[in-house]
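Reading through the C-alpha cells given below for one structure.
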Amino acid sequence: MSSRDLILARVRRALADVPRDDTPYDQAFERGYLREHGDRSVEQTVELLAENLADYRAQVHRSDADGLAATIAGLLAERGSTSVVVPTGLDPEWLAATAVTRVPDRLAGTPDELDRVDSVVTACAVAIAETGTIVLDGGPDQGRRRITLVPDHHICVVRVPAQVVSSVPQGLERLDPARPLTWISGPSATSDIELDRVEGVHGPRTLEVVLVSGE
Amino acid sequence: MSGGTFVGMPSFPKAAHEAVHNQTLRGNLRHATHTIRAKRANAVAEVSDWAELREAGKQIKDHTLRHLDRYLVQLEESVTAAGGTVHWAADADEANRIVTYLVKATGESEVVKVKSMATQEIGLNEALEAEGINAYETDLAELIVQLGKDRPSHILVPAIHRNRGEIRDIFAREMSEWGRPAPEGLTDTPAELAEAARLHLREKFLRAKVGVSGANFMVAETGTLVVVESEGNGRMCLTLPETLISVVGIEKIVPTWQDLEVFLQTLPRSSTAERMNPYTSTWTGTTDEDGPQTFHLVLIDNGRTDTLADEVGRQALRCIRCSACLNVCPVYERAGGHAYGSVYPGPIGAILSPQLRGTQSEIDASLPYASSLCGACYDVCPVAIDIPEVLVHLRERVVEGGVVTRDGAKVVLKPAKGHAAERAAMRAARWAFGRPGALRTGQRFASRTRRFHPRTLPGPGKAWSETRALPTVPAEPFRDWWQRTHGGKDASK
Ligand code: SF4
C-alpha cells in the first residue's frame, strides 16, 4: 500500500466515530464574528490605515495624483538612492520627476543584481486599515516578489480610498488566491534578542507608504 | 551543523528540577513570558469579537479534522492542478527520505530553511547532514540555536533562553565556520547582532537553489500554502530558490480561502501580540516567472492519525502554534522549554508530544504531569483547545493504561512503569475520575468566571489600567478545587 493510501486509511479508521452524514461545510458553523470592527467613514478608514502603518514603523506620506512624482523623487533623494527597481507595469509618470537609474524587473536579473539596488517603487493590490497592512499580488505594477524583498528601501503607493478596505475579511475577498501574495505590515522586524524589537533583518529596513488621493 | 536532539532526555521532573536552578534561564523566561503576555492581552482587547473568532476557529478546525480524508484529497488535487507535486510520508523516516531524495535530485548540497516545527519534529536537519547536505536555519532565533549547537526552547522565540551576551559570543565564535564571519568588534546590542545575522545569511540566500519550509495553513479549496513571519527570511526561502520543498503536518488544513480570515486575525494577536505580523506569504503551486519553478509538498502523518483516533485528544490537532499557552503557563515560566524534551514545549507540548509519540518513554509519560491544571492555557488558546481536559485524559492513560492507536493499529497499553506515586495520587483522585463531568465542571467553573473579570478598571482606575494589563486572576488551582468540592466535605478549611 502506498503511504498515501495508508494515511488516508488511518484517517478514516480514526474517524470511525464521526457519523457519515455529518453536517456539511456550509452548515458546520456560524461565522458569528464581525466583517469589520467599528463604524467608520471612508476618510476615517484611510486615517486608521495611516495610523496603524505608522504604529508599525512604516513612514507614511500623503500626496495627490499631481504631486506624486515629486513626492517619490523627494523620498529617493532624501534616502540618497542612486538606483531603483521598477516593475514593468508601473505608471511611468510616477518616476517622471527623478533621474535615478531605473533597473527593470526582469526574469534574467539575479538576486545579486537586486542586492546592489538601493530602492524599489511599487503599487499595491489592497491595503487593510485595521491591521496597517499592504498586500502585493505580483500584478504588473508590483512586480515579482523578490524585488520588494532584497532592496533595503521600499516605496509603496496606495491609491486612497479605492484600494483601502477596513478589515482582514474584506481584504481576503478582494484577493485572488491563485496569485502569489505578500502581506506587509511595517518593515521587516525581529524581537528574537531579549524581545527588543529591531527593524530590518532580511526584508527592507525602511518601508515608506505614499497614500495618493484623486487617482 | 545540527541542533541537538531530544533523544535520551530525562523525564520532565528531572529536567525541570535542573532548569529552575538556572538563574539566567529563569530571569530570561520570566521577562519574556510576562512581556508577551501583557502585550497579547492588549492586542486581543482591541477586537470586540474575539470570542466569536475563537469559536469560529475552533469549529472550522474541528470540522476539518472530522473530514480530514476528504480535505486531504481535495488539497492534493488543487496543489497538483496548480503545478505542485504532493508526497505523503507516514512517519519521520519516510519524510526525511523523501526530502533528501528531492534535494539530491537538484544536485545541490545545501538548503536554506525557514523555521518549521514539522521539520524539527522529524529531525530533518540531522537526516540531511547524514547525507552530506547542509541545512541552514535562517530565522534569527533558529540561527542562534543552530550556531550554539543548542535546542529551541519556545515555539515563537526559540532562543528565549539566551541573553544578548551569550548570542554575541556564539556569533563571534561560530559564524566563520559556516560562512561570512561576524564583524570585528561585534557588540551585544540587538541592532548589531541582527545586522551580523543579516550579512551572514544574505550570502546564503542569494546563492540558494533549494528552500525548505513548513506552513501555517494549507487551503484545501485552492491549494494555497500560507507562511506567517516577521523577518523576511521566510520570503527569502520561499521566493529566491529554484526549488521549494514544504513539509507540513496533515492537520494544517483549512477548507476554504475565506477561512483564513479567522486565523489571520487570531494568530498574530495570540502569538506576537501584533495586529498583523510583518510578513505573510501565500502561494498556490508555482507561478510563471515569479518564485520557485518546482514546488513539492510533503504531507506528514508521524503520529497525527493516532492522535486523531483519540476522541478526547484529537482537539490537540487544532493547534495553530501561536505559543500563547506557553506564555501564560506557570510551569513553563519556571521550567523552560527544554524540560519538555520535545520540539513542542509548554502546555501544548505536554498534550501533543505524548500523543504523537505515545506514552511509553519516561519523558512522554511524565509530560501530562507538567501542569498545575490551572486552566490559563485553555483561556488564551485561540482555537479553544481544552488542554487541562486532555492532560487529565492522558494522565489516566499513563496510570491506568487502556486501548490506544499506535501506528494506525489499536493496542492495549499497560500502566506505565515508574509511576507508583502518580498511581497512588490517582487512587486518591478516583472520586473525580469516576465523575468526569464533575471534574470538567470544576475546571470550567474557574475558566468561565475568569472570562468575566474586567480587562480594564472602571472609574478613576481606568487611565492606569489602559496602559497596563491587569494582573491576571489565577485560575483555580486543582488543589483549591479539590478542597472546595470533595475535600470540603470533611475539611473545615
Ligand atoms: S494550544 Fe492553543 S494557545 Fe497553545 S500554541 Fe496551540 S493554538 Fe496556541
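Order of the sequence lines fixes the chain letters, A, B, ..., with proteins taken first and strands second; residue numbering starts at 1 for each chain.
Around the CG atom of A:D39, the shell of radius 6.0 Å holds no more than 12 heavy atoms that belong to other residues, nucleotides or ligands. Counting heavy atoms of neighbouring residues, nucleotides and ligands inside a 6.0 Å radius, atom CD of B:E203 exceeds 12 of them. Around CD of A:E78, the count of heavy atoms belonging to other residues, nucleotides or ligands within 6.0 Å does not exceed 12. Within a 6.0 Å sphere centred on CG of B:D288, heavy atoms belonging to other residues, nucleotides or ligands number 12 at most.
Of the possible polar contacts, none joining the A:T190 side chain to the B:E231 backbone as a donor-acceptor pair under 3.5 Å is found. Remark: side-chain polar atoms of B:R66 are not paired, donor with acceptor, to backbone N or O of A:V18 under 3.5 angstrom. A distance-only check finds no donor-acceptor pair linking the side chain of B:D49 to the backbone of A:G32 [under 3.5 Å]. Listed for the B:R164 side chain is no donor-acceptor partner under 3.5 Å among the backbone atoms of A:I193. Side-chain atoms of A:R146 do not come within 3.5 Å of backbone N or O of B:D290 as any donor-acceptor pair.
Interface check for chain A: of the options B:T256, B:L240, B:T64, the most heavy-atom pairs under 4.5 Å are formed by B:T256. Contacts with chain B were tallied for A:A14, A:G171, A:P177; A:P177 has the most, counting heavy-atom pairs under 4.5 Å. Between chain A and the options B:P190, B:A141, B:G285, B:G232, the largest number of non-hydrogen pairs under 4.5 Å is found for B:P190. Top candidate by heavy-atom pairs under 4.5 Å with chain A, chosen from B:H31, B:E94, B:Q258, is B:Q258. Interface check for chain A: of the options B:D139, B:L199, B:L68, B:L308, the most heavy-atom pairs under 4.5 Å are formed by B:L308. Highest contact tally toward chain A, considering only B:T280, B:T305, B:T284, is held by B:T280 [criterion: heavy-atom pairs under 4.5 Å]. For the set B:A90, B:A56, B:G234, the count of heavy-atom pairs under 4.5 angstrom toward chain A peaks at B:A90. Between chain B and the residues A:R12, A:R31, A:E199, the most heavy-atom pairs under 4.5 angstrom are made by A:R31.
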Review point. Can you check side chain to side chain contact (heavy atoms under 4.5 Å, CB included) on A:I184 and B:R235, steps first, answer last?
Key: CA-CA 11 Å; A:I184 301 172; B:R235 295 180 60 194; 4.2 Å; yes
Check your understanding: Between B:D69 and A:R10, is a salt bridge (charged side-chain N to carboxylate O under 4.0 Å, His left out) present by the stated rule, with each step listed?
Key -> CA-CA 9 Å; B:D69 49 339; A:R10 283 180 182 180; over 6 Å; no
**Study point:** CA sep, side-chain torsions, deciding dist, call: B:L140, A:H202, side chain to side chain contact (heavy atoms under 4.5 Å, CB included)
**Key:** CA-CA 10 Å; B:L140 176 53; A:H202 305 300; 5.8 Å; no
Exercise for review: Test side chain to side chain contact (heavy atoms under 4.5 Å, CB included) on B:T282 and A:W183 and set out the steps.
Suggested key: CA-CA 9 Å; B:T282 78; A:W183 300 46; 4.3 Å; yes
Exercise for review: Starting from the C-alpha separation in whole Å, work towards a yes-or-no answer on side chain to side chain contact (heavy atoms under 4.5 Å, CB included) for A:I7 and B:I250.
Suggested key: CA-CA 9 Å; A:I7 293 170; B:I250 53 172; 4.3 Å; yes
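Only the side chain of B:T222 comes within contact range of chain A, with heavy atoms under 4.5 Å apart. Looking at A:E30, the atoms closer than 4.5 Å to chain B (heavy atoms on both sides) all sit in the backbone: N, CA, C or O. For a residue to count as touching a neighbouring chain, one of its non-hydrogen atoms must lie under 4.5 Å from one of that chain's; by this rule B:T138 touches chain A with the backbone only. Contacts between B:R70 and chain A at a heavy-atom distance below 4.5 Å are absent for every atom of the residue. For a residue to count as touching a neighbouring chain, one of its non-hydrogen atoms must lie under 4.5 Å from one of that chain's; by this rule B:N277 touches chain A with the backbone only. Of the two parts of B:A51, neither the backbone nor the side chain holds a non-hydrogen atom closer than 4.5 Å to a non-hydrogen atom of chain A. For B:H154, no part lies under 4.5 angstrom from a heavy atom of chain A. Neither the backbone nor the side chain of A:I128 comes within contact range of chain B; no heavy atoms are under 4.5 Å apart. Only the side chain of B:Y71 comes within contact range of chain A, judged by heavy atoms closer than 4.5 Å. For A:P204, the parts lying near chain B are the backbone and the side chain together; criterion is any non-hydrogen pair under 4.5 Å. Looking at A:T23, the atoms closer than 4.5 Å to chain B (heavy atoms on both sides) all sit in the backbone: N, CA, C or O. Residue A:R179 touches chain B through its backbone alone, counting heavy-atom pairs closer than 4.5 Å. For B:L260, the parts lying under 4.5 angstrom from a heavy atom of chain A are both the backbone and the side chain. For B:E76, the part lying under 4.5 angstrom from a heavy atom of chain A is the side chain only. Heavy-atom distances place the side chain of B:T239, and not its backbone, under 4.5 Å from chain A. Contact annotation for B:E55: neither backbone nor side-chain heavy atoms come within less than 4.5 Å of a heavy atom of chain A. In this structure, no portion of B:N302 lies under 4.5 Å from any heavy atom of chain A.
Taken to the nearest 0.5 Å, the CG atom of B:L264 stands 6.0 Å off from the CG atom of A:L172. Distance CZ/B:R198 to OG/A:S188: 7.0 Å, rounded to 0.5 Å. The OH atom of A:Y25 lies 3.5 Å from the CG atom of B:D259; values are rounded to the nearest 0.5 Å. Note that CH2 of B:W283 is 11.0 Å distant from OG1 of A:T182, once rounded to the nearest 0.5 Å.
A:L8 places a side-chain heavy atom less than 4.5 Å from the side chain of B:W88. Taking the side chain as every heavy atom from C-beta outward, B:V73 and A:R4 approach each other to under 4.5 Å. Between A:P169 and B:Q265 there is a side-chain heavy-atom pair separated by less than 4.5 Å. Contact annotation: the side chain of A:R35 approaches that of B:E261 to within less than 4.5 Å [non-hydrogen atoms, C-beta and beyond]. Residues B:M276 and A:V168 are in side-chain contact: their nearest non-hydrogen atoms beyond the backbone lie under 4.5 Å apart. B:P278 is not listed as a side-chain neighbour of A:Y56, based on a closest heavy-atom distance of 4.5 Å or more. At a threshold of 4.5 Å between non-hydrogen side-chain atoms, the residues A:V11 and B:R304 do not count as touching. Looking at B:F205 and A:L149, their side chains never come closer than 4.5 Å, going by heavy atoms from C-beta outward.
Side-chain atoms of A:S185 and B:E274 include no donor-acceptor pair closer than 3.5 Å. If you check the side chains of B:T287 and A:R144, you find no donor sitting under 3.5 Å from an acceptor.
The shortest heavy-atom contact between B:R314 and A:D17 is NH2-OD1, 2.7 Å. Looking at every heavy atom in both residues, B:H63 comes nearest to A:A28 through ND1-CB, 3.4 Å. Nearest heavy atom pair, residue B:W257 against residue A:L175, reads NE1-O, 3.8 Å.
When the options A:D55, A:T133, A:T131 are evaluated for a side-chain hydrogen bond (donor to acceptor under 3.5 Å, both in side chains) with B:R275, the one that passes is A:D55.
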